There are 2 protein chains.
Amino acid sequence: MSSASSNKAEREILDKYLARTGVRRSAQRYKIMDVFLSAEHHITVSELSDLIKKKYPAIGAATVYRTMKLFCEAGIAEEIVIGDGVVRYEHKYGHEHHDHLICTDCGKFIEAKDSQIELLQQKLAERHDFSPTYHRLQIFGLCKKCQKD
Amino acid sequence: MSSASSNKAEREILDKYLARTGVRRSAQRYKIMDVFLSAEHHITVSELSDLIKKKYPAIGAATVYRTMKLFCEAGIAEEIVIGDGVVRYEHKYGHEHHDHLICTDCGKFIEAKDSQIELLQQKLAERHDFSPTYHRLQIFGLCKKCQKD
DNA sequence: TTTAGTGCAAAGGCTTTGCAGATGT
DNA sequence: ACATCTGCAAAGCCTTTGCACTAAA
């Protein structure tokens with residue numbers, strides 16, 4: 001897993017954020033960042049916390065929860081909520097907005113984007129005198145593989 | 001609060017469902033249905049449970065949780081998840097699918113629909129060999145009132 | 001040295017579950 | 001009568017918080 005080079009850019013973002021806000025750099029924060037960035041793309045804190053416990057047993061779950069919030073503020077992670085009502089985080093850096101196709105059978109996520117839909121969403125909001133800042137589109141169904149089963 | 005006549009149809013649905021599946025009719029289920037149908041449109045079980053505790057103190061929270069799941073199966077309620085990771089229920093009967101504009105300031109929900117977006121979503125799914133069953137679109141931002149403040 | 005960050009454990013909140021008693025069929 | 005449903009309380013889970021200790025700056 002050579003996540004080193006791709007993590008470098010994120011590390012710079014984190015450093016920049018930490019410097020800018022006067023927040024301290026700690027070994028834990030970099031370790032959590034490494035595990036987060038090499039982990040699955042849509043991960044819950046408790047899943048992430050388990051991964052971290054394996055690799056760095058000394059880091060407590062509370063720190064992971066606290067750190068993920070920090071990462072959101074720093075612009076490295078973004079909170080998303082899938083159908084099950086659980087907060088998940090996805091990598092934000094170098095990762096533009098996309099919608100999700102979610103297989104209700106195997107749980108697979110497909111990331112997709114349609115600029116025409118985005119535009120229509122904008123117009124829909126305008127019709128309701130609503131000023132949108134972001135949106136979330138999740139399409140549930142069966143992925144190619146699960147349609148056969 | 002004259003919810004009686006509008007509730008009549010739902011009660012029939014519930015009766016039909018109960019009859020069809022061999023599930024029993026109980027006083028609690030009808031009471032929970034009445035409170036649910038006259039309550040706010042997007043309600044969490046714990047909110048609903050509080051309302052029910054006021055009107056029918058004898059009904060326990062566990063029953064409310066169990067009953068809402070039953071209502072989903074019966075087609076009277078539908079689970080939705082807003083940005084905060086909490087499961088909410090909305091009335092399904094006589095209420096076709098719609099998307100949500102959610103004000104991040106006052107929490108207001110606007111229900112909206114755009115058939116062109118729906119169509120494009122369908123096509124988006126097809127492009128990914130994905131067979132959609134349902135979707136959820138949430139647009140976050142500021143409602144008309146909160147834009148002024 | 002001084003203040004933020006951390007780990008641990010306890011507390012919180014919401015949801016589910018086990019069980020004995022109540023209730024529908 | 002008999003299987004389901006209910007209420008209560010306990011247990012579960014995930015997440016947050018308080019506090020003394022550690023470690024950046």
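Note that this is a predicted model, so its numbers are computed, not measured. Quick note: numbers below take in every heavy atom, side chains included, and nothing from hydrogens, waters or symmetry partners. Residue numbers start from 1 in every chain, and the chains themselves are labelled A, B, ... in the order their sequence lines are given, proteins ahead of strands.
- Listed for the A:E73 side chain is no donor-acceptor partner under 3.5 Å among the backbone atoms of A:L70.
- If you check every strand for non-hydrogen atoms under 4.0 Å, B:A61 touches nothing.
- Of the charged side-chain nitrogens involved, at least one lies within less than 4.0 Å of a carboxylate oxygen, so that B:R25 and B:D15 count as a salt-bridged pair.
- At the heavy-atom level, A:A58 lies under 4.0 Å from the strands shown only through sugar-phosphate atoms.
- No donor-acceptor distance shorter than 3.5 angstrom exists from the side chain of B:T63 to the backbone of B:I59, with no hydrogens or angles considered.
- In this model, the phosphate group of D:dC5 is not approached by any side-chain N or O of B:T63 to a distance below 4.0 Å at OP1 or OP2.
- Rounded to a whole Å, the OH atom of A:Y17 is 14 Å from the P atom of C:dA4.
- At least one test fails for B:R136 against the ring of A:F140: distance under 6.0 Å to the centre or angle within 45° of the axis.
- Test A:E126, A:Q116, A:H135 against A:Q121 for side-chain hydrogen bond (donor to acceptor under 3.5 Å, both in side chains) and you get one pass: A:H135.
- Distance A:I59 CD1 to D:dT22 P: 17 Å, rounded to the nearest Å.
- Distance, B:M68 CE to C:dT16 P: 12 Å, rounded to whole Å.
- The distance from atom OH of A:Y56 to atom C1' of C:dG5 is 18 Å, rounded to the nearest whole Å.
- Note: CD1 (B:I43) to P (C:dC14) measures 14 Å, nearest angstrom.
- Comment: B:D114 engages A:R127 in a salt bridge, judged by a side-chain N to carboxylate O separation of less than 4.0 angstrom.
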Below 3.5 Å between N/O atoms, which protein atoms pair up with nucleotides 18-20 of chain D? Just atom names and distances, please.
none

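- Contact check, A:K69 against D:dT16: a side-chain N or O comes under 4.0 Å of OP1 or OP2.
- Phosphate contact (OP1/OP2 of D:dT6, side-chain N/O of B:R29, threshold under 4.0 Å): present.
- In this structure, B:Q28 does not reach the C:dT23 phosphate: none of its side-chain N or O atoms is under 4.0 Å from OP1 or OP2.
- Rounded to whole Å, the distance from OH on A:Y65 to P on C:dC8 is 16 Å.
- The interatomic distance linking A:R25 (CZ) with C:dT6 (P) rounds to 14 Å, in whole Å.
- Between A:S26 and C:dT6 there is a side-chain polar atom (N or O) within less than 4.0 angstrom of OP1 or OP2.
- When rounded to the nearest whole Å, the span between CD of A:E73 and P of C:dG5 equals 11 Å.
- Two residues are said to be in side-chain contact when any heavy atoms from C-beta on lie closer than 4.5 Å; B:Q28 and B:T67 fail this criterion.
- Remark: A:R24 is not in phosphate contact with C:dT3, judged by side-chain N or O atoms under 4.0 Å from OP1 or OP2.
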